[in-house]
Amino acid sequence: MLRFSKPDAENFFRVVHVENFAVSPDEKQLVFSANINGRYNLWAMDLPNAFPYPFAFYGQNTDALRFDKEGRFLIASFDKDGDENLQIYALPPHGGEWVPLRVQEGERHFFIDLSEDGRRLYYTTTKNNPTFLNTYVYDIETGKETLILEGKDAGTTLCAVSPGENSVVYGKFFSNSHSRGYVRAGGNDFPLIPDAEEPHLEGEFVYVSENEIYFLTNYQSDFVYLAKFDVSAKRFSKVLQMDKEEFSLLRYGKKDQVLYIVGSYGMEDRLYRYDLKTGEAKQLNLPASVVEKLTVADSGNLYILARSATRPNNIYRSADGGMTWEELTRCRVPGISEADLVEPEIVKYPSFDGLEIEALFFRAKGEKANGHVILWPHGGPQAAERKMFRALFQLLLSRGYSIFAPNFRGSTNYGLKFLKMVERDWGGGPRLDNIAGLEWLIKNGYADREKIFLMGGSYGGYMALLLHGRHAEYFKAVVDIFGVSNLFSFIESMPEFWKPIAREWVGDPEKDKEKLTEDSPITYIDGMVKPMLVVQGANDPRVVKNESDQIVEALRKKGREVEYIVLEDEGHGFSKKENEIKVYKQILAFFDKHAK
């Protein structure tokens, strides 16, 4: 009888991640970006054939990916080793050749739209206006470029172009919780929501005709809903809202005259179909928990990129309006049954001031469990931990570690008031929410006070550093993945187009000096007495390498135990499988060492 060894960590390292996709107008070709060969490249499938073949190799993350209306070419944008300086290219439908369209070293080009005839490309860029951004329309045939929007006073980006290119919608971004939409038509500009003094959000603008714009907003509401703007009458109206649910994605199905809306309900997404003719809304089925991208084909077929806690990103197609789904890709953890992976439990607990906090608890299974719990504060901070696959989580769970991931104040999907609670208070309420969560775990038998680790990335890395410095007694060891160590240097070094929102988001270095000092992890070096592992991408434009250098240098001067990994060809994340494997192996070894 054959005997096979149990799957090991390598199985989790080899999970394929699909990050983006585009479908040809005739739906005969699906092009997607995935790290099948260890780096992100473009692959394609000739539908209904589900076997992928190499399409184009650039070895970088793909941001935008779009076919032109006739399927004559694709638009794609890429950065370089995580520097986030996106450049825009065109590719033929058979792949291979790269034609640079908008490429300029050191600048970022955000692809927005392509005209119906495929001739004009609309994009927003840092070029000539790194702080507030400019928007141009580029004629692909003649090479002529025209400035159509000049950002002033706030970060300004193009959001949508009308079918006949007679008007455009653009947004001004004052903070992550305050943005306003405007229409430019006939040489005049006017807001979609008049006299909106209170901070609110507007986004996901969709033209269904030259005069009708549907979009998402939380104007005069705590939660995001569907709204409409009539361009001719300059009239705003509220259309559809679900109780305590945040709408997050909006797409138009022209053939059936319907809107598809993704609603974020705490830890999971829901999908709705809104009939423009009848005004009826219907909840549809979803094959996964979290939707990353939604596309409606001219035929009315739906395509989504989605994942769940135990299943990585996959592309799905529905030919019946979202009632049933066909899985076009089949990414899994090789050699491991999905039933052997861990589905998290949703828990709720009261924080220090009585505010209810929702969290995910991933419990290591049976005999594998080693009794240790890892606290994972998520990134953002205005983001959320959700029921979505993380290879690192499932790897650690397979080795016996349970994981606690709270959606502390400032997280998305819980309303505008909750979202704003982190602004100018990065290290106060959110920090105490995490501590309250640990105490709740201990009190309710989820965790042993002597067996807790701490790990986070980005804002989660910042929170890991801050919790370590101020509450080291809770933790055996700490992992910081590209986390902010000093709020003053972070504000100074952040990308230029982030700086207009910095004072509302983080704080004013002069007016809020005392608070920023109090909330900076570097202030609490003396309290960081537990072993640490620090990970940093050398090209990170968001949390620059100096943030990790500062904390590592300060700790080493104190004689503290700290391991430091610098990835020379990465930015704010992992674009190369070999780097991801290197870091995951070291994180696992770090926890195993200190668990003993």
Side-chain angles (χ1 to χ4, degrees), residues 17-20 33-35 39-42 58-66 75-89 98 100-112 121-136 151 155-159 171 173 175-176 179 292-293 378-383 457-462 481-484 489-502 505-506 535-549 566-577 579-580 583:
H17 179 71
V18 179
E19 66 172 355
N20 203 346
S33 173
N35 58 352
R39 299 195 176 200
Y40 285 98
N41 287 294
L42 295 181
Y58 194 70
Q60 303 292 340
N61 293 91
T62 303
D63 185 69
L65 193 60
R66 172 92 66 86
I75 297 293
S77 64
F78 307 89
D79 70 352
K80 177 67 173 176
D81 292 339
D83 65 5
E84 299 186 15
N85 290 328
L86 296 167
Q87 312 297 332
I88 303 175
Y89 300 86
W98 299 88
L101 292 180
R102 297 289 80 195
V103 174
Q104 187 171 335
E105 187 175 351
E107 302 293 354
R108 304 182 185 201
H109 306 307
F110 304 100
F111 170 76
I112 305 297
L121 183 150
Y122 291 84
Y123 73 104
T124 295
T125 177
T126 56
K127 182 175 65 177
N128 301 322
N129 193 352
T131 302
F132 299 121
L133 309 179
N134 285 339
T135 295
Y136 297 86
T156 305
T157 183
L158 183 67
C159 299
F173 298 88
S175 73
N176 289 338
S179 63
E292 308 283 353
K293 182 174 182 176
H378 65 70
Q382 289 165 315
S458 192
Y459 175 86
Y462 157 84
I481 307 171
F482 36 81
V484 174
S489 57
F490 170 62
I491 293 170
E492 179 64 27
S493 65
M494 66 174 52
E496 286 299 317
F497 63 93
W498 282 19
K499 290 183 178 179
I501 73 170
W505 187 36
V506 188
V535 181
Q536 178 68 45
N539 300 323
D540 193 336
R542 305 185 188 194
V543 181
V544 300
K545 182 173 174 288
N546 182 50
E547 291 300 311
S548 292
D549 287 348
V566 177
L567 304 169
E568 297 296 337
D569 54 353
E570 295 286 11
H572 201 68
F574 304 113
S575 63
K576 300 166 183 67
K577 180 60 72 174
N579 290 331
E580 188 178 35
V583 171

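Nothing fancy with the numbering, it's 1 onward along the sequence.
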One should read off an interatomic distance between R39 CZ and N579 CG, to the nearest 0.5 angstrom, of 7.5 Å
**Message:** Between L133 and T126, does the side-chain contact (heavy atoms from CB on, under 4.5 Å) criterion hold? Intermediate values first, please.
**Reply:** CA-CA 5 Å; L133 309 179; T126 56; 3.7 Å; yes
Exercise. So, does N35 use its side chain to make a donor-acceptor pair with the main chain of H17 at under 3.5 Å?
Worked result: yes
Practice task
Examine distances only and state if a side-chain atom of K499 and a backbone atom of E492 form a donor-acceptor pair shorter than 3.5 Å.
Solution key: yes
Between P500 and F132, the two heavy atoms sitting closest are CG-CE2, 3.6 Å
Between F78 and A76, the two heavy atoms sitting closest are CE1-CB, 3.5 Å
Self-check item: Side-chain (S33) to main-chain (E19) donor-acceptor, under 3.5 angstrom
Solution: no
For L158, is there any backbone N or O sitting under 3.5 Å from a side-chain donor or acceptor partner on T124? yes
From the list T156, N134, T135, side chain to side chain donor-acceptor pair (under 3.5 Å) partner of N129 resolves to N134
Exercise. Checking E568 side chain against V566 main chain: does a donor-acceptor pair fall under 3.5 Å?
Worked result: no
Has the side chain of D540 got a donor or acceptor atom that lies under 3.5 Å from a matching backbone atom of G537?
no
task: Report the C-alpha distance between Y58 and Y89 in whole Å, list the side-chain angles of each, state the deciding distance to 0.1 Å, and finish with yes or no for ring-ring contact (aromatic ring centres under 6.0 Å, His included).
output: CA-CA 11 Å; Y58 194 70; Y89 300 86; 5.6 Å; yes
Worked verdict on L42 versus L65 for side-chain contact (heavy atoms from CB on, under 4.5 Å): CA-CA 10 Å; L42 295 181; L65 193 60; 4.2 Å; yes
A side-chain contact here means heavy atoms from C-beta on lying under 4.5 Å apart; do W505 and P381 qualify?
yes
Taken to the nearest 0.5 Å, the spacing of N41 CG from Q60 CD works out to 9.0 Å
Decide whether H109 and S77 meet the rule of one side-chain donor and one side-chain acceptor closer than 3.5 Å. no
Minimal heavy-atom distance between F490 and E547, with the atoms involved, is N-OE2, 3.3 Å
* To do: Show your reasoning for whether side-chain contact (heavy atoms from CB on, under 4.5 Å) applies to Y40 and T62.
  => CA-CA 8 Å; Y40 285 98; T62 303; 5.7 Å; no
Between R108 and T125 the two heavy atoms that sit nearest each other are O-OG1, 2.9 Å
Check: Between Q536 and V543, is there a donor-acceptor pair closer than 3.5 Å when you use the side chain of the first and the backbone of the second?
Finding: yes
Decide side-chain contact (heavy atoms from CB on, under 4.5 Å) for F111 and R102; before the verdict, give the C-alpha distance in whole Å, the side-chain angles of both, and the deciding distance to 0.1 Å. CA-CA 9 Å; F111 170 76; R102 297 289 80 195; over 6 Å; no
The reported gap from CD1 in I75 to CG in L101 (rounded to nearest 0.5 angstrom) is 5.0 Å
To the nearest 0.5 Å, atom CD of E570 lies from atom CG of N61 at 8.0 Å
> Heavy atoms, side chains only, cut-off 4.5 Å: are F110 and T157 in contact?
Replying inline: no
Here the pair of heavy atoms bringing Q104 nearest to K127 is OE1-CD, 3.1 Å
Heavy atoms of D81 and D569 approach each other most closely as CB-O, 3.5 Å
